[in-house]
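First up is the structure itself, then whatever we jot down about it.
Order of the sequence lines sets the chain letters (A, B, ...), proteins ahead of strands, with each chain counted from 1.
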There are 2 protein chains.
Amino acid sequence: MIVIDYKDRRPIYEQIVERFQELILKGVLEADSQLPSVRNLAMELSINPNTIQKAYSELERQGYIYSVMGKGSFIAVTDRLIKKKKEEILDAASQLVKLAKEYGVTKDEFTRVIIEGFKEEYDD
Amino acid sequence: MIVIDYKDRRPIYEQIVERFQELILKGVLEADSQLPSVRNLAMELSINPNTIQKAYSELERQGYIYSVMGKGSFIAVTDRLIKKKKEEILDAASQLVKLAKEYGVTKDEFTRVIIEGFKEEYDD
DNA sequence: ATAACCGTATTAAGATGCATAGTACAGATA
DNA sequence: TATCTGTACTATGCATCTTAATACGGTTAT
């Protein structure tokens, strides 16, 4: 479920945050289902509980999960987050077009890649 | 010409590298023209010469500039680098499409943003 | 020649962020 | 009551970034 890439220069807790965001937004983890406990996940990944704690705190701050003292951490409702994610992707696209224009990438070259990308078959 | 953003969490030398890459790729700095000296630029930006040195070393490693002992640092020929940059942008576009598909952004939504981005007037 | 400028190298110190280790407290549950 | 949960705190080690000071080799203008 969670894999740490030690070649990645980003901190471990950030990798964990991003991975859970992905699992949550894609619906792999359902709302109100329980996450692995801080200590368990730390054990499983062979890292320190404090690092997991830091990741969970960040996920809670961003609204992806909620934690209950003594009970555990749980997946939050994600409708709003999914919508936000889509907007971020479209913003990124807009930014990329801006960059493309600055460096002389033509509309044709660009749209060709887009069309091609959407044309591909689904492998999963 | 060069501005350091201390709110940016990336290291200073990296900001300098990126800024010069931009100026070089966009042709603001012409081939074989001289860059500010390590000590002068450090003075101007109120930072340590070693930090500039680190940025220049990285720029040289990447082929953006070349340095000559006792003379100075100079802009390299950039044709190859510009081509590479365009390819990177198209790769990024391809990656973004992949992401968009994963999160259910439709082809229509996506292309609308692209078209709109290319439609805009040039402000510079 | 010599002073003033260039790039380059080295060593030492401080600051910061990340991760670990250990301990402790509060609440839930079997 | 024992064991699980989240949470908090301090201390330590480590890597990276930045600064500081000094030094060396090469170029250039006076």
What pairs meet the salt bridge (Lys or Arg N to Asp or Glu O under 4.0 Å) rule with one or both residues in residues 45-65 of chain B, with sequence neighbours excluded? B:Glu58-B:Arg61

Rounded distance in Å - CD1 (B:Ile47) to C1' (D:dA20): 14 Å

Is it possible for you to check whether A:Lys85 lies under 6.0 Å from the centre of the six-membered ring of B:Tyr103, through NZ or CZ, and within 45° of that ring's axis? yes

Considering non-hydrogen atoms only, spot the tightest contact between A:Leu29 and A:Met1 and give its length. CD2-CE, 3.7 Å

Could B:Lys119 and B:Glu116 be called an ion pair, given the rule that one side-chain N must be under 4.0 Å from one carboxylate O? yes

In terms of side-chain heavy atoms of B:Thr51, which of D:dT27, D:dC9, D:dT18 is nearest? D:dT18

Mind jotting down which residue pairs meet the salt bridge (Lys or Arg N to Asp or Glu O under 4.0 Å) criterion with at least one end in residues 24-47 of chain A? Sequence neighbours excluded, please. A:Glu22-A:Lys26, A:Lys26-B:Glu102

Can you sort out the partners of A:Phe110 under ring-ring contact (aromatic ring centres under 6.0 Å, His included), two or more places apart, ordered by chain and number? B:Phe118

If the cut-off is 4.0 Å, is B:Lys71 near the phosphate of D:dG26, judged by side-chain N/O to OP1 or OP2? no

Residue set satisfying side chain to side chain donor-acceptor pair (under 3.5 Å) with B:Ser67, at least two apart, ordered chain then number -> B:Ser73

Between atom CD1 in B:Ile52 and atom P in D:dA20, what is the gap in whole Å? 13 Å

Could you pull out all residues at least two apart from A:Ser94 that satisfy side chain to side chain donor-acceptor pair (under 3.5 Å)? none

Who clusters with B:Ile115? Use side-chain heavy atoms, under 4.5 angstrom, across I, L, V, M, F, W and Y, and order the result by chain and number. none

5'-most contact on DNA chain D: A:Ser73 or B:Lys54, nearest heavy atom basis? A:Ser73

Please identify each residue that fulfils side chain to side chain contact (heavy atoms under 4.5 Å, CB included) with B:Gln21, with sequence neighbours left out. B:Val17, B:Glu18, B:Leu59, B:Gln62, B:Tyr64

Note: contacts of residues 6-24 of chain A with DNA chain C (heavy atom, under 4.0 Å) are A:Pro11, A:Ile12, A:Tyr13

So if you build clusters from Ile, Leu, Val, Met, Phe, Trp, Tyr with side-chain heavy-atom gaps below 4.5 Å, do A:Phe20 and A:Met43 land together? no

A:Asn50 CG to D:dA8 P: how many Å, rounded? 12 Å

Heavy-atom closest pair (B:Ala100 atom, A:Ile89 atom, distance to 0.1 Å) is CB-CG2, 3.9 Å

Could you give the start and end, 5' to 3', of the contact zone on DNA chain C for chain B, using atoms under 4.0 Å from its heavy atoms? C:dC6 to C:dT10

Specify the separation, in whole Å, of atom CG of B:Asn48 and atom P of D:dT22. 13 Å

Among pairs that include at least one residue of residues 66-85 of chain A, which meet ring pair (Phe, Tyr, Trp, His ring centres under 6.0 Å), considering only residues two or more places apart or in two chains? A:Tyr66-A:Phe74

Kindly state which residues belonging to residues 36-43 of chain B come within less than 4.0 angstrom of DNA chain C, counting heavy atoms of the residue only, listed by number. B:Ser37, B:Val38, B:Arg39, B:Asn40

Contact check, residues 55-68 of chain B vs DNA chain C, heavy-atom distance under 4.0 Å, returns B:Glu60, B:Ser67, B:Val68

